[in-house]
Amino acid sequence: MCATVLLSSCGDQDNSSPATETGTLDLEMEHIVGTQALELNRAMPYTTAAGDQFKVTTFNYYISNIKLKKADGTEYVQPDSYYLVKESIANSKRLALDKIPVGDYTGITFTIGVDSARNVAGAQMGALDPSNNMFWDWNSGYIFLKMEGTSDQAPSKSLIFHVGGFKKPYNAIRTVSPSLNGKTVLVRTDHSPEMHFHVDLLKLFTGIRFADASSNSHSAGPSAVRIADNYAAGMFTVDHIHAN
């Protein structure tokens, strides 16, 4: 009888690991042009550092492959993270990340664009649905960033910057790690922190003159790579973090 009781007790033990506690984090994208808020179809034009004036009618881009770095050096990679951000759709500028392991995070990394695997994966759903008008049917690839507008300095008076391409030598996929400025994001089960970004569209035009017709990028190529290098060099900055 004693042996039976002992065996029964061993069989009833739960050897499973405790479930990992998780929380949420919101990434808030605020679009600006230098020191001004971005406004589509604004009456007064914006001005680049070179003195060219322009108005904006469309501003869209992809954020993907988000990684969060912990204070101990380990990383959390958010699975299947693909977000399409559009200035014209307010809700799209809030990226809600859920099921993040509880911890203290001191860094963030993400891709501006869509990785090569998804570029060749065929028709997809959600943010990657071709119906979002961020896909080249003729080129079988995603537009990583789309900015359209007008400028009196441009030869045709129109500005079209459609940046994409993942094949060498014109790979326009860029991965960035904006500084948290020494701050720590505390992901907990009982509150949801927010990381607030400034996304400065003016950074696209560093070294660009609109009178140069080749500066307008309609597809993958040297001009797309030039714009990609520009937006990777500081377009995204962390302005502040809400603990909530």
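Atom OG1 of Thr237 is separated from atom NE2 of His196 by 9.0 Å, given to the nearest 0.5 angstrom. With rounding to the nearest 0.5 angstrom, the CG atom of Asn60 is 9.0 Å from the CG atom of Asn133. Here CD1 of Ile89 is found 7.5 Å from CG of Leu84. Values are rounded to the nearest 0.5 Å. Between the CZ atom of Arg226 and the OG1 atom of Thr206 there is a distance of 9.5 Å, given to the nearest 0.5 Å. With values rounded to the nearest 0.5 angstrom, Glu194 atom CD is found 5.5 Å from His242 atom NE2.
For Asp52, the salt bridge (charged side-chain N to carboxylate O under 4.0 Å, His left out) partners two or more places apart in sequence, or in a different chain, are Arg209. Residues satisfying the side-chain hydrogen bond (donor to acceptor under 3.5 Å, both in side chains) test with Thr111, not counting sequence neighbours, are Thr175. Every residue two or more places apart in sequence or in another chain that forms a ring-ring contact (aromatic ring centres under 6.0 Å, His included) with Tyr46 is listed here: Phe54. Take Asp200 and apply the side-chain hydrogen bond (donor to acceptor under 3.5 Å, both in side chains) test, not counting sequence neighbours, and it matches no residue. For Asp152, the side-chain hydrogen bond (donor to acceptor under 3.5 Å, both in side chains) test picks out no residue, with sequence neighbours left out. Scored by the ring-ring contact (aromatic ring centres under 6.0 Å, His included) test, Tyr76 finds no partners at all (sequence neighbours excluded). Partners of Ser151 under the side-chain hydrogen bond (donor to acceptor under 3.5 Å, both in side chains) rule, at least two apart in sequence or in another chain, are Gln153. Legend: residues meeting ring-ring contact (aromatic ring centres under 6.0 Å, His included) with Tyr61, ordered by chain and number and at least two apart, are His31, Phe59, Phe236.
Between Gly164 and Ala172, the closest heavy-atom pair is O-CB, 3.5 Å. Nearest heavy atoms, Gly113 versus Ser64: O-OG, 2.8 Å. Among all heavy-atom pairs drawn from Ser177 and Thr109, the shortest one is OG-OG1, 2.7 Å.
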Residue pair Leu27, Tyr83: steps toward the side-chain contact (heavy atoms from CB on, under 4.5 Å) verdict: CA-CA 11 Å; Leu27 308 183; Tyr83 299 89; over 6 Å; no
Phe197 and Met29: CA distance, side-chain angles, deciding distance, side-chain contact (heavy atoms from CB on, under 4.5 Å) verdict: CA-CA 5 Å; Phe197 288 84; Met29 302 297 171; 3.7 Å; yes
Steps toward side-chain contact (heavy atoms from CB on, under 4.5 Å) verdict (Leu204, Leu145): CA-CA 10 Å; Leu204 295 180; Leu145 179 143; 4.1 Å; yes
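A centroid separation of less than 6.0 Å is found between the aromatic rings of Phe210 and Phe205.
Among the candidates Thr150, Thr57, Thr58, the single residue satisfying the side-chain contact (heavy atoms from CB on, under 4.5 Å) test with Asn41 is Thr57. When each of Tyr62, Tyr82, Tyr142 is tested with Asp115 by the rule side chain to side chain donor-acceptor pair (under 3.5 Å), just one qualifies, namely Tyr82.
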Pairs of donor and acceptor atoms involving the side chains of residues 32-40, under 3.5 Å and at least two apart or interchain, shall be tabulated with distances.
from	atom 1	to	atom 2	distance (Å)
Gln36	OE1	Arg42	NH1	3.0
Gln36	OE1	Arg42	NH2	3.1

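Pairs passing the salt bridge (Lys or Arg N to Asp or Glu O under 4.0 Å) check and including a residue from residues 55-72, sequence neighbours excluded, do not occur. Residue pairs satisfying the salt bridge (Lys or Arg N to Asp or Glu O under 4.0 Å) criterion with at least one member in residues 85-106, sequence neighbours excluded, are listed as follows: Asp26-Arg94, Glu28-Arg94, Glu87-Lys93, Asp104-Arg188. The stretch residues 159-187 participates, sequence neighbours left out, in these salt bridge (Lys or Arg N to Asp or Glu O under 4.0 Å) pairs: Arg174-Asp229.
In the hydrophobic clustering of ILVMFWY residues, with side-chain heavy atoms under 4.5 Å counting as a link, Val187 and Ile241 come out together. By the criterion of side-chain heavy atoms lying less than 4.5 angstrom apart, applied directly or through intervening Ile, Leu, Val, Met, Phe, Trp or Tyr residues, Leu97 is not grouped with Leu186; the two fall into different hydrophobic clusters.
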